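Order of the sequence lines fixes the chain letters, A, B, ..., with proteins taken first and strands second; residue numbering starts at 1 for each chain. All values reported here derive from a predicted model rather than from experimental measurement.
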Amino acid sequence: MTQTRAIALNALSLYALAGLLAAAFAAQLLLGELPCPLCLLQRVLFATLAVGPILNIRFGPRPSHYAMSLLAAVAGAVVSSRQVLLHIMPGDEGYGSALLGYHYYSWALIGFIAAIVLLAAILLFDRQFEDDGTTQPVAGGVFAYVAVWLVIGLTALNVVSAFLECGPRACADNPIVYELLKHGS
Amino acid sequence: MEFTILFLAIAIVMLVAWRGPRPLAMGLFGVVLVACVATYLHHATDVLKLSF
């Protein structure tokens, strides 16, 4: 795999992460269900996954950038595993609504494990780490440029959403109203 | 509040990764990841009713 193709794949992974963050937002707004603290932490870790691909697009693919994403994916898998285990007992209906049969934290666990497998797979291709002179200073063109700003924009929207939900205090374990909107009404 | 700060911090890390120096982006990434682990340990207090 050439450096240029690896960068295109990194841009594609940013679109996938943007899709995940957008889907979580859509579920929050359309179903009117507020994310719990562990759900918010999973979103943070999906956003954290994006830093490695952004560095790969800007500076060219490096193993250290993939390692950063691997660490974030492992942390995300630990957090989502814990939430799955919290609701694994028979009779437990889980937290929030199920989407296509699975709750958000189950999808998150699948997503983080898929990320770990895909990151390990892309690390198998050594040729991407040989500089072909086409990636400096920023590579990927409009396709990558839009992907980066899309994921940054969705993360910024999450800043606003989390502040509306939690306000200036610690987030509630089972949030049912937006704290700031409650005080404003 | 902690999640607002975490989202804000990771948005800043992304901006630094896209526009700023690489070592700074990697250092800030490490700080945010440690903060995520600390937040997880703070919230993961419920007992798991499981037997292994």
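- Neither the backbone nor the side chain of A:Leu154 comes within less than 4.5 Å of any heavy atom of chain B.
- Heavy atoms closer than 4.5 Å to chain A are found in both the backbone and the side chain of B:Leu8.
- The shortest distance between side-chain heavy atoms of B:Met26 and A:Ser64 falls below 4.5 Å.
- Taking all atoms of both residues into account, the shortest heavy-atom contact from B:Met14 to A:Ala50 is CE-CB, 4.0 Å.
- The greatest number of non-hydrogen atom pairs below 4.5 Å with chain B, out of A:Leu55, A:Leu164, A:Val148, is found for A:Val148.
- Interatomic distance, A:Leu45 CG to B:Leu33 CG, rounded to the nearest 0.5 Å: 7.0 Å.
- Within the 4.5 angstrom heavy-atom criterion, no atom of A:Val160 approaches chain B.
- By the criterion of side-chain heavy atoms lying less than 4.5 angstrom apart, applied directly or through intervening Ile, Leu, Val, Met, Phe, Trp or Tyr residues, A:Phe25 is grouped together with A:Leu20 in one hydrophobic cluster.
- The shortest non-hydrogen separation linking A:Val44 to B:Cys36 is CG1-SG, 3.6 Å.
- Checked by atom type, the side-chain pair B:Arg22/A:His65 shows a donor-acceptor distance below 3.5 Å.
- A:Arg58 contributes a side-chain N or O that, together with a main-chain N or O of B:Gly20, makes up a donor-acceptor pair within less than 3.5 Å.
- Looking at B:Phe3, the atoms closer than 4.5 Å to chain A (heavy atoms on both sides) sit in the backbone and in the side chain alike.
- Of all the listed residues (A:Val78, A:Leu71, A:Ile54), the one sharing the greatest number of non-hydrogen pairs under 4.5 Å with chain B is A:Ile54.
- Note that CZ of B:Phe29 and OG1 of A:Thr48 are 6.5 Å apart. Values are rounded to the nearest 0.5 Å.
- Within the 4.5 Å cutoff, the side chain of B:Trp18 has heavy atoms near those of the A:Trp149 side chain.
- When A:Val159, A:Val51, A:Leu49, A:Asn158 are each tested for a side-chain contact (heavy atoms from CB on, under 4.5 Å) with B:Ile10, only one passes: A:Val51.
- A distance of 11.5 Å separates OG1 of A:Thr155 from CD1 of B:Ile12, quoted to the nearest 0.5 Å.
- Only the side chain of A:Met89 comes within less than 4.5 Å of a heavy atom in chain B; its backbone stays farther off.
- Tracing side-chain contacts under 4.5 Å through hydrophobic residues (I, L, V, M, F, W, Y), one never reaches B:Val34 starting from A:Met68; they form parts of separate clusters.
- Across all non-hydrogen atoms, the minimal contact from B:Ala44 to A:Arg82 is CB-NE, 3.2 Å.
- The parts of A:Ala170 that come within reach of chain B are both its backbone and its side chain, each placing non-hydrogen atoms under 4.5 angstrom from that chain.
- With hydrophobic clusters built from ILVMFWY side chains whose heavy atoms lie under 4.5 angstrom apart, A:Ile122 shares a cluster with A:Ile116.
- Hydrophobic clustering, with ILVMFWY side chains joined whenever heavy atoms are under 4.5 angstrom apart, groups A:Leu100 together with A:Leu31.
- For A:Ile88, the part lying near chain B is the side chain, with the backbone staying farther off; criterion is any non-hydrogen pair under 4.5 Å.
- The closest side-chain heavy-atom distance from A:Leu157 to B:Phe7 is not below 4.5 Å.
- Counting heavy-atom pairs closer than 4.5 Å to chain A, the top residue among B:Ile5, B:Val32, B:Leu15, B:Val16 is B:Leu15.
- Contact of the B:His43 side chain with the A:Pro37 side chain is registered, since non-hydrogen atoms from C-beta on lie closer than 4.5 Å.
- Under the 4.5 Å side-chain contact rule for hydrophobic residues, A:Leu9 and A:Val142 share a cluster.
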